[in-house]
S.K.: 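Structure below; questions to follow.
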Amino acid sequence: MAIIKCPQCAKSISDKQKVCPHCDLDMNDLTEEKLHSLSKIKSLKNSQSIMTHQAIAMLLFLMGVFTFYNSDDKTAPQYFMSQACIVVGFVWYIINRIRIIMSKRKKS
Ligand SMILES: [Zn+2]
């Protein structure tokens with residue numbers, strides 16, 4: 001008996017098990033084609049979540065810039081908030097760009 005990873009939910013299961021107890025994936029039904037499409041779906045979902053994060057980071061950054069240039073009162077809390085938004089949004093955006101590059105490198 002060996003422990004393998006379920007191709008769908010990536011949880012550890014026994015290779016004697018015919019159906020994954022975590023996600024009900026039928027192990028007998030697994031073909032090369034199905035495994036391929038499963039890994040494709042997984043990487044698609046992953047890149048989708050990165051894209052969502054990137055969009056939020058971009059929005060945060062733009063909102064920060066907008067508030068920054070539209071606040072006359074430099075001591076107002078919004079002014080400091082906008083600066084924080086710019087920094088956080090920018091760093092978040094960079095992190096997501098790195099994640100995209102890393103995931104692309106892994107594929108090739
Ligand atoms: Zn599973």
Side-chain angles (χ1 to χ4, degrees):
M1 196 181 101
I3 299 294
I4 54 161
K5 272 208 164 101
C6 169
Q8 188 162 267
C9 63
K11 285 187 175 127
S12 301
I13 52 164
S14 153
D15 62 350
K16 292 274 183 293
Q17 254 158 330
K18 287 176 179 68
V19 177
C20 173
H22 306 288
C23 66
D24 292 326
L25 181 75
D26 193 345
M27 295 299 163
N28 293 324
D29 200 32
L30 278 184
T31 56
E32 196 67 30
E33 202 178 321
K34 191 158 185 188
L35 279 173
H36 189 72
S37 77
L38 274 173
S39 73
K40 223 174 178 181
I41 289 166
K42 213 190 276 172
S43 71
L44 200 74
K45 268 188 191 160
N46 190 35
S47 67
Q48 260 174 348
S49 96
I50 294 174
M51 291 304 246
T52 311
H53 275 258
Q54 204 172 21
I56 296 167
M58 193 70 150
L59 206 68
L60 199 68
F61 180 76
L62 290 175
M63 255 163 57
V65 171
F66 186 77
T67 317
F68 186 79
Y69 282 111
N70 282 286
S71 60
D72 301 318
D73 187 4
K74 301 279 184 259
T75 55
Q78 296 100 286
Y79 187 72
F80 295 105
M81 279 295 288
S82 69
Q83 281 178 308
C85 280
I86 290 169
V87 173
V88 171
F90 185 74
V91 171
W92 199 0
Y93 184 84
I94 295 295
I95 289 169
N96 281 302
R97 277 242 70 98
I98 293 167
R99 280 176 70 194
I100 289 168
I101 293 163
M102 296 282 261
S103 70
K104 267 184 191 153
R105 218 175 255 174
K106 224 186 274 172
K107 256 176 244 163
S108 58

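Atoms within each ligand, like the ligands themselves, are counted from 1 in listed order. Quick note: numbers below take in every heavy atom, side chains included, and nothing from hydrogens, waters or symmetry partners. Predicted model only: the values in this text are computed from it and were never measured.
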S.K.: Answer yes or no: does atom NE2 of H22 have more than 12 heavy-atom neighbours from other residues, nucleotides or ligands under 6.0 Å?
M.R.: yes
S.K.: Fit a plane to each ring of F90 and F61, take the angle between them on a 0 to 90° scale, and name the class: parallel (under 30°), tilted (30 to 60°) or perpendicular (over 60°).
M.R.: tilted
S.K.: Which residues pass the side-chain contact (heavy atoms from CB on, under 4.5 Å) test with S49, sequence neighbours left out?
M.R.: N46, R99
S.K.: Looking only at side-chain N and O atoms, does S71 offer a donor or acceptor that is under 3.5 Å from a partner on D73?
M.R.: no
S.K.: Is I41 close to Q8 at the side-chain level, that is, under 4.5 Å between some pair of heavy atoms?
M.R.: no
S.K.: Spell out the protein N/O/S atoms under 2.8 Å from the Zn ion (ligand 1) as residue plus atom name.
M.R.: C6 SG, C9 SG, C20 SG, C23 SG
S.K.: Any ion pair linking K34 and D29 (charged N to carboxylate O, less than 4.0 Å)?
M.R.: yes
